[in-house]
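Take a look at the structure set out below.
Lettering follows sequence order; numbering is per chain, from 1. No experiment lies behind these values; they were computed from the predicted model shown.
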Number of protein chains: 2
Amino acid sequence: MREKELRRSMSVLPIGTVMKLTDLSARQIRYYEQQDLIKPLRNEGNRRMYSLNDVDRLLEIKDYLADGLNISGIKEVYKKQSQLEDERKRNMKKGLTDSDVRKILQDEFLNIGGLKPPSSTFDDPNNFSKFNN
Amino acid sequence: MREKELRRSMSVLPIGTVMKLTDLSARQIRYYEQQDLIKPLRNEGNRRMYSLNDVDRLLEIKDYLADGLNISGIKEVYKKQSQLEDERKRNMKKGLTDSDVRKILQDEFLNIGGLKPPSSTFDDPNNFSKFNN
DNA sequence: AGCTAATGTCATGTTTTGTAACATGAGTAG
DNA sequence: CTACTCATGTTACAAAACATGACATTAGCT
């Protein structure tokens, strides 16, 4: 379950791919970034590289807009969400011992190394298209 | 579970991404294609677009080469695999159970020792080229 | 009408990818 | 040893994709 999240956050998709996946124009995608709704990484050549999580978020944004929300409204939504998330994490950590935390961090570090051979899943049964996370 | 395979065969990754994911040079990746080991789709701009299954296969190829197999050896492996796969499908059609088939084919499997179950489908069987335009 | 938010479009420059040709190092056969 | 093949590197040039910034448009509001 940790690995899955890792893969979902790997920035590997160029904007052209994301356009097809989301049916958004490059202009729209860059605009949402300019409005701080997404923060794709850049490769050495300065190209934007997106993750599957970014794609999910773009699809969410699309839905919110279609529902009549405007950009700043959407911004609020995400602000609230990350506040809640942060708090959850803080509470989580307060309940753990020091060595637990060290173990967690080490594990995260080790997992950044690379893609493992085939067997593993890139999939995400519930998450790809809609509000879910 | 059907959806997972679908997603894995979506051709969305440009060669630069695949280079990073596999740590192969563009030259190598194109060469393996030239040797018919992979068949990435092309987008309208004639750019190669790879699926996660393609990435898996490239990693396999890398392993095989590291193990001392040469390209034509690898080709044999995949040829055999797809033969077996075809045969399995034919037998399924004839009403045999999967485990029946496994017994029947056991000898052949032993002939090509030590390889993984057949993995990737080759030619956009599910019409995912629509993601490339 | 005037304003604004979201998006389209165009111009210009950089990066990535395509193909093709030639080069090279390791291994093998003669 | 020489010649050959295989897997890969390198280089050169063209086309496609992308970045950025400016200006245009459209729909909804006041």
Below 4.0 Å: OP1/OP2 of dG18(C) and any side-chain N or O of Arg30(B): yes
Leu69(B) CG - dA7(D) P separation (whole Å): 11 Å
Closest to the Tyr32(B) side chain, choosing from dT7(C), dA7(D), dT16(C): dA7(D)
Check: Arg47(B)/Asn43(B) side-chain N/O donor and acceptor closer than 3.5 Å: no
Phosphate OP1/OP2 of dG27(C): any Asn70(B) side-chain N/O under 4.0 Å: no
Between Tyr78(B) and Gln83(B), a side-chain donor and acceptor under 3.5 Å: no
Donor-acceptor pair (no angle test) under 3.5 Å: Arg47(A) side chain, dA19(D) base: no
Below 4.0 Å: OP1/OP2 of dA17(D) and any side-chain N or O of Asn43(B): yes
Proximal nucleotide (of dA17(D), dA7(D), dT7(C)) relative to the Arg27(A) side chain: dT7(C)
Taking every non-hydrogen atom, the tightest pair across Pro40(B) and Arg48(B): CG-CG, 3.8 Å
Nearest-neighbour nucleotide for the Arg48(A) side chain, dA19(D), dA17(D), dT17(C) considered: dA19(D)
Gln28(A) vs Pro14(B), nearer the 5' end of DNA chain C by closest nucleotide: Gln28(A)
By side chain to side chain donor-acceptor pair (under 3.5 Å) - contacts of Tyr31(B) (at least two apart): none
Interatomic distance, Met19(A) CE vs dA17(D) P [rounded to whole Å]: 10 Å
Nucleotide of dC6(D), dA19(D), dG9(D) approaching Tyr31(B) most closely (side-chain heavy atoms): dC6(D)
